[in-house]
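Side chains are part of it too, since the values below use all heavy atoms of this structure and drop only hydrogens, waters and symmetry mates.
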Amino acid sequence: MSRAHKLLRTKVVATVSAVAALGLVVGCSGSGGGDGGTGGGVKDGKVTITMGLFGVMGYKETGLLDRYMKENPNVRIEAEVAGDEQTYYTALQTHLAAGSGLKDIQGIEIGRAKELADTQAAKFTDLSGVSGADHFLPWKLSQVTAKDDKVIGFGTDIGPMAVCYRKDLFEQAGLPTDREEVAKLWEGDWSKYVEAGKDFKKGTKNDKVAFMDSASGLFNAMIYGNSEQFYNESGELIYQDNPAIAEAWKLASEAGGTGLTAKLRQFQPGWDPGLANSTFATAVCPAWMLGHISEKAGPANKGKWDVAKAPKGAN
């Protein structure tokens, strides 16, 4: 029996899984799913674990849940996957406020983790004492650690940055397609990524295909390669004086102003269809995004996407 299974057997909880973090929230119902209506409890002699996820987080798509149930035959996992993260998170906030309707396991995008740690920590189970907690990197734990050192989550991954690209569209534009050669196009400098985009624009014969999906994706990739972005360690705003922010803003603005982007925002309306309809040739892609791209690009684009190293390391 796994540690997670033992924990669920001893305490009804709702788990918050972040894209890059996992956490546990104190539940509201008993093993039979009492008045709070939280989680699955025990049904037909099995521990039923309910999951609320969004997008393509990989648990269901990779068969990981089926594998867990096979290894733990007295556990049943019921996963519900929402397509839109914003709608999903709004509903989750409502459930947290009401103290009902929560799943045992809920997906949370890592950008929401700090808000939950600061405002909802009392509703989470403290994981700081769980055996194996030291497996997770200190900076990853800090993202889900409350002011009283209560740990409300664990990481699913550290989000290492890469660039996903369409091999066929690169070939059509006269650019290399091998991932090692592609990485050399922009090695060491995000500005080289933008220059590669200008070469792509010159070489492609299809003016309906943009080089990158969004200027905001480039901006975020650049700033998260630095130890400080908008705040310093004391929580003070520093973005106005942070050269990393200014540099990222300037380059992202250049990319947007020279027609290199499809003018889309990742995970917002239009982005998923853009993957399927070959609207753009590259996208900054943390590790957890690969499954989403693979699914949303669809069967028609199977094998056309590949992954190259990013110009600089980032999370």
Side-chain angles (χ1 to χ4, degrees), residues 3-4 6-8 10-29 36 38-39 51-54 57 85-86 88-161 219-220 223-242 244-245 248 286-288 313-315:
R3 289 193 299 272
K6 291 178 180 177
L7 183 60
L8 284 165
T10 57
K11 190 171 188 178
V12 178
V13 296
T15 302
V16 174
S17 71
V19 173
L22 285 167
L24 298 171
V25 187
V26 176
C28 306
S29 71
T38 299
M51 298 183 72
L53 307 173
F54 63 88
M57 295 184 70
E85 190 275 340
Q86 179 62 59
Y88 168 88
Y89 186 63
T90 299
L92 177 59
Q93 288 178 305
T94 300
H95 294 320
L96 284 168
S100 65
L102 293 164
K103 305 295 186 182
D104 292 318
I105 302 175
Q106 300 247 194
I108 300 295
E109 202 279 324
I110 194 59
R112 315 285 193 181
K114 180 61 175 173
E115 177 184 7
L116 292 176
D118 285 348
T119 65
Q120 303 275 14
K123 298 179 180 178
F124 286 72
T125 296
D126 185 5
L127 298 177
S128 61
V130 173
S131 175
D134 57 356
H135 165 79
F136 299 92
L137 294 171
W139 66 263
K140 176 54 62 177
L141 283 178
S142 71
Q143 294 177 323
V144 285
T145 301
K147 294 178 181 179
D148 61 357
D149 293 329
K150 181 178 183 178
V151 176
I152 69 167
F154 284 150
T156 61
D157 64 79
I158 58 172
M161 195 68 67
F219 176 81
N220 288 329
I223 65 172
Y224 289 123
N226 294 274
S227 59
E228 292 184 332
Q229 296 94 39
F230 300 100
Y231 299 85
N232 61 20
E233 289 185 358
S234 300
E236 300 168 328
L237 280 170
I238 61 168
Y239 69 91
Q240 289 183 322
D241 301 314
N242 187 349
I245 298 294
W288 48 262
N315 298 88

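- If you take OG1 on T119 and CD on Q93, they are separated by 8.0 Å, rounding to the nearest 0.5 Å.
- Closest of all the heavy-atom pairs between A121 and A117 is CB-O, 3.4 Å.
- When E109, R112, E115 are each tested for a side chain to side chain donor-acceptor pair (under 3.5 Å) with Y89, only one passes: E115.
- Checked by atom type, the side-chain pair E228/N232 shows no donor-acceptor distance below 3.5 Å.
- Put simply, CD on E85 and CD1 on I108 are 7.5 Å apart, with the number rounded to the nearest 0.5 Å.
- No donor-acceptor pair under 3.5 Å is formed between the side chain of D126 and the backbone N or O of K150.
- Under a 3.5 Å cut-off, the side chain of Y224 and the backbone N or O of M161 do not form any donor-acceptor pair.
- In this structure, the separation between CD1 on I238 and OH on Y231 is 10.5 Å, given to the nearest 0.5 Å.
- Note that CG of L141 is 7.5 Å distant from CZ of F136, once rounded to the nearest 0.5 Å.
- In terms of heavy atoms, P286 sits closest to G159 at CB-O, 4.0 Å.
- Looking at L127 and V144, their side chains never come closer than 4.5 Å, going by heavy atoms from C-beta outward.
- Interatomic distance, L116 CG to K123 NZ, rounded to the nearest 0.5 Å: 10.0 Å.
- We find the NZ-OG1 distance between K140 and T145 to be 11.0 Å, quoted to the nearest 0.5 Å.
- Across every non-hydrogen atom of L102 and H95, the tightest pair is CD2-CB, 3.7 Å.
- F230 and I245 make their closest contact through CE2-CD1, 3.9 Å (heavy atoms, listed as atom of the first residue, atom of the second, distance).
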